[in-house]
Amino acid sequence: MKCHKSEQLKFYFDGKLTPSASTELEHHIEQCTFCQEELMRIMEGSPVLDELLTEEMLSPHFTQIVIEEIVVQTKVKARKKDWKKRSIDIMKKTAIAVASLAAAIAFGTMVSPTFANYVNSLFHSVKEVDGGMKNAAVEGYVQTINKQVTDKGITVSVKEVLADPIRLMIIWEVADQNGKKYKLDEVEWLFKLTDKNGKGINPDSKHPDYVPFSSMAWGDNKEYVQSQVDFKEMFANLDDIPDEIIVKMGYSAINNTEGNWNVEFPVDMKKAKGVSKTLKINQEYTSPQGVIIRLNDIVTVPSASVITHEAEWTEQKLKEYQKMVEKTELKAVRFITRMADGVESVEQVEVDEAPELLKNFGIAYDIIDEKGNVVAGYDNLYDHNWNKIARNQVEQSMMGIQHDGPTNKSVMWQGYTPFSSHEKLTFRLHSIYLMEQAQFKAKLDFSKAGKLPITVEDSGSIFTFSDVHLKTSEQKEEIEGILWNGKGAIIKVNGTLPKNMVNAIGWRATDETGKEYDVHAKLGFDYIKNANGQREIKGAIFVNGFEKQPTELMISYKLHERQHHDVNWEVPIDLSLQK
């Protein structure tokens with residue numbers, strides 16, 4: 001039930017109440033749970049709270065400070081607590097209690113020894129930790145490792161591990177003999193996972209002794225490394241995950257220094273497996289474009305809630321696809337890696353990219369609560385600023401399995417900050433992305449002085465080409481903010497796509513002799529939405545392989561990616577049924 005005094009909290013926090021009114025409200029806050037929670041909400045995003053939540057590791061006495069200062073909802077202490085004073089020193093001390101209660105409310109748990117351990121953990125102090133990791137860390141799923149190995153004056157230290165049935169995350173660091181931490185540029189990453197009996201877990205076919213980890217530098221000065229493996233890709237069922245996993249890390253070179261660094265340690269999976277839950281949904285929808293979407297399930301573990309969905313095409317959509325493939329040719333030279341008798345070789349081959357590119361499709365959706373608030377969102381479009389619906393995603397947890405079967409079936413899953421604070425949610429489909437043919441062509445005549453820039457309108461698109469720069473060396477060169485490799489021509493481009501088109505794909509260039517060149521475009525583009533809701537493209541394209549100035553050049557692209565909004569599908573989700 002709302003407390004009428006809560007209306008004074010904002011004025012109190014901004015320092016606009018008189019001293020006597022502030023004192024009176026402070027006494028009230030000691031007794032009122034509603035006002036305590038409301039004060040936490042007001043403080044969200046404030047410099048005081050931000051400072052507390054990002055400060056360095058606290059002293060070993062932190063637990064005692066929290067116990068002394070926190071307002072325990074189940075038992076109100078008689079002694080007076082100073083919630084906020086004008087003094088900066090008292091404010092800092094009080095903010096510890098406030099921040100602790102805020103975290104307790106946010107993560108659905110009261111302050112406990114596990115929370116005290118969390119604030120001394122790297123999963124608290126490193127800013128790049130996502131909301132799902134924080135949730136798991138607060139609930140006590142961080143395992144302290146502190147194992148190290150030294151060679152050639154370089155020490156590799158494994159600090160902490162956070163693991164549940166969705167992902168395993170390791171935080172480690174490298175330091176020299178003086179304790180100075182390395183910024184890692186190159187490390188030969190080698191990880192092996194086994195059960196406690198030494199049996200390998202889902203080994204990679206190319207390197208049978210190791211599993212694929214993704215790694216990135218963390219921390220203000222990139223002094224930590226976070227390495228992660230996605231269990232969802234490795235195990236079909238949660239029960240297949242061993243109760244204990246042995247991690248073996250091995251390095252033969254660190255920052256160009258050769259050596260031997262091997263670390264081995266166990267990871268307990270049993271606790272996290274015990275609280276993991278699955279909700280089977282199994283709902284299906286067929287869009288007007290002929291895309292069948294199935295919402296399979298939601299798996300909730302300490303660090304994430306993961307939604308899995310499938311998609312495939314109807315028989316009619318497959319017939320349309322075959323017709324487009326017959327009419328579209330998109331030749332390109334690609335380098336293919338082959339293995340023969342254990343020897344790896346690279347071959348240069350010509351391929352037709354049209355069949356694969358035309359298969360590409362994606363979806364966008366959001367998850368809303370009972371009040372209509374969006375609590376999570378997914379967008380298959382690489383530019384998440386376009387729709388602005390992607391939110392609360394757990395980093396590095398989006399995975400997919402594309403099947404080359406007759407129905408163009410795919411399986412995708414995406415992790416979010418756990419939905420543990422909600423019972424009733426709704427899955428709402430936002431849009432679908434599909435490829436289609438395009439016929440855009442623009443002729444650039446280099447033989448006439450003053451011909452550029454030129455503007456061409458074709459197939460509903462408008463593009464202006466200007467500022468041609470001929471790159472004559474193989475060395476890397478930064479032009480228009482992009483680092484380009486090899487010889488070729490960089491051409492500045494500004495364009496507007498037709499309405500509901502979000503991408504132009506399959507760029508090619510043909511000179512006056514009929515020779516065709518690959519054109520690299522995607523990485524050189526910036527995208528914005530104009531006042532008419534259309535996609536504008538700004539940047540540069542790189543015409544690969546030029547060695548001399550051509551007389552003329554025909555620039556074209558052969559595929560459009562269209563966003564379809566005419567979808568209507570909502571699925572209710574009752575998380576209380578998870579088991």
Side-chain angles (χ1 to χ4, degrees), residues 289 324 327-330 353-354 357-358 360-362 364 379 381-388 431-470 479-482 484 488-512 516-544 546 550-566:
Q289 299 78 30
M324 285 193 292
K327 296 179 180 179
T328 307
E329 184 178 79
L330 206 53
E353 293 186 319
L357 289 175
L358 285 167
N360 291 340
F361 66 94
D379 194 347
L381 191 66
Y382 58 88
D383 176 15
H384 288 173
N385 290 322
W386 180 250
N387 297 301
K388 299 185 183 299
S431 54
I432 291 176
Y433 304 102
L434 287 167
M435 293 292 181
E436 59 185 54
Q437 290 172 296
Q439 304 296 330
F440 179 84
K441 291 182 180 180
K443 184 178 179 180
L444 308 184
D445 190 344
F446 294 93
S447 64
K448 299 179 180 179
K451 189 67 176 179
L452 296 179
I454 65 166
T455 299
V456 177
E457 182 172 358
D458 189 28
S459 302
S461 293
I462 303 174
F463 276 89
T464 297
F465 300 87
S466 60
D467 300 335
V468 178
H469 173 82
L470 192 63
I479 302 170
E480 292 294 326
I482 303 296
W484 305 99
I490 294 93
I491 305 175
K492 188 174 180 180
V493 176
N494 290 326
T496 302
L497 299 179
K499 192 170 182 61
N500 294 323
M501 294 297 180
V502 293
N503 205 1
I505 299 172
W507 287 78
R508 291 295 182 269
T510 306
D511 65 18
E512 67 276 7
E516 188 172 80
Y517 300 84
D518 277 355
V519 176
H520 302 290
K522 185 175 178 180
L523 294 178
F525 284 164
D526 291 326
Y527 301 93
I528 63 172
K529 182 182 290 187
N530 66 20
N532 297 321
Q534 290 175 271
R535 186 86 149 172
E536 288 190 7
I537 294 176
K538 294 185 177 182
I541 58 176
F542 180 73
V543 184
N544 189 33
F546 273 177
T551 304
E552 65 180 37
L553 198 63
M554 183 71 74
I555 303 290
S556 65
Y557 65 82
K558 298 187 177 182
L559 300 177
H560 268 146
E561 186 176 15
R562 182 185 295 273
Q563 184 175 19
H564 299 268
H565 294 278
D566 56 337

Asks: Any side-chain heavy atom of Y433 within less than 4.5 Å of one from D379?
Replies: yes
Asks: Are side-chain heavy atoms of Q563 and M501 found at a separation under 4.5 Å?
Replies: no
Asks: Where do I505 and M435 come nearest, in terms of heavy atoms and distance?
Replies: CD1-CE, 2.9 Å
Asks: Tell me yes or no: between the side chains of Q289 and D566, is some donor less than 3.5 Å from an acceptor?
Replies: yes
Asks: Applying side-chain contact (heavy atoms from CB on, under 4.5 Å) between V502 and each of R562, K529, E561, report the one that passes.
Replies: E561
Asks: To the nearest 0.5 angstrom, please state how far the NE2 atom of H560 sits from the OG atom of S461.
Replies: 3.5 Å
Asks: Can you confirm whether the side chains of Y557 and N503 place a donor and an acceptor under 3.5 Å from each other?
Replies: no
Asks: Calculate, to the nearest 0.5 Å, the distance between atoms CG and CE belonging to D511 and M554 respectively.
Replies: 11.5 Å
Asks: K443 versus E552: any side-chain heavy-atom pair under 4.5 Å?
Replies: yes
Asks: Could you check whether any side-chain heavy atom of H520 comes within less than 4.5 Å of a side-chain heavy atom of N544, counting everything from C-beta outward?
Replies: yes
Asks: Is there side-chain contact between N494 and I537, with heavy atoms separated by less than 4.5 Å?
Replies: no
Asks: Show the nearest heavy-atom pair for residues S459 and P498, with the distance to one decimal.
Replies: O-CG, 3.7 Å
Asks: Specify the closest pair of heavy atoms between A442 and F465, including all atoms of both residues, with the distance to one decimal.
Replies: CB-CE1, 3.5 Å
Asks: Could you tell me whether a side-chain N or O of K327 sits under 3.5 Å from a main-chain N or O of Q437, the two making a donor and an acceptor?
Replies: no
Asks: What residues, two or more places apart in sequence or in another chain, satisfy salt bridge (charged side-chain N to carboxylate O under 4.0 Å, His left out) together with D518?
Replies: R334, R508
Asks: Do I555 and I541 come close enough that some side-chain heavy atom pair is under 4.5 Å?
Replies: yes
Asks: With the side chain counted from C-beta on, respond yes when R535 and Y527 share a heavy-atom pair under 4.5 Å apart, and no when they do not.
Replies: yes
Asks: Do T496 and Q534 have a side chain donor and acceptor closer than 3.5 Å?
Replies: no
Asks: For F542, check ring-ring contact (aromatic ring centres under 6.0 Å, His included) against everything at least two apart and list the hits.
Replies: W484
Asks: Just by distance, do the side chain of D467 and the backbone of K492 share a donor-acceptor pair under 3.5 Å?
Replies: no
Asks: Any non-hydrogen side-chain atom of L434 less than 4.5 Å from a side-chain atom of H564?
Replies: yes
Asks: Test side-chain contact (heavy atoms from CB on, under 4.5 Å) on I490 and V468; report intermediate values, then the result.
Replies: CA-CA 6 Å; I490 294 93; V468 178; over 6 Å; no
Asks: Taking atom CD of E436 as the centre, does the number of heavy atoms from other residues, nucleotides or ligands within less than 6.0 Å exceed 12?
Replies: yes
Asks: Could you walk me through whether T464 and I454 satisfy the side-chain contact (heavy atoms from CB on, under 4.5 Å) test, starting with their C-alpha distance in whole Å, then the side-chain angles of each, then the deciding distance to 0.1 Å, before giving a yes or no?
Replies: CA-CA 6 Å; T464 297; I454 65 166; over 6 Å; no
Asks: Please say which of V519, V543, L470 ends up in a side-chain contact (heavy atoms from CB on, under 4.5 Å) with I491.
Replies: V543
Asks: I need the minimum non-hydrogen distance between F463 and G495, along with the two atoms involved.
Replies: CD2-CA, 3.5 Å
Asks: Going through the distances and angles, do V456 and I462 end up as a side-chain contact (heavy atoms from CB on, under 4.5 Å)?
Replies: CA-CA 6 Å; V456 177; I462 303 174; over 6 Å; no
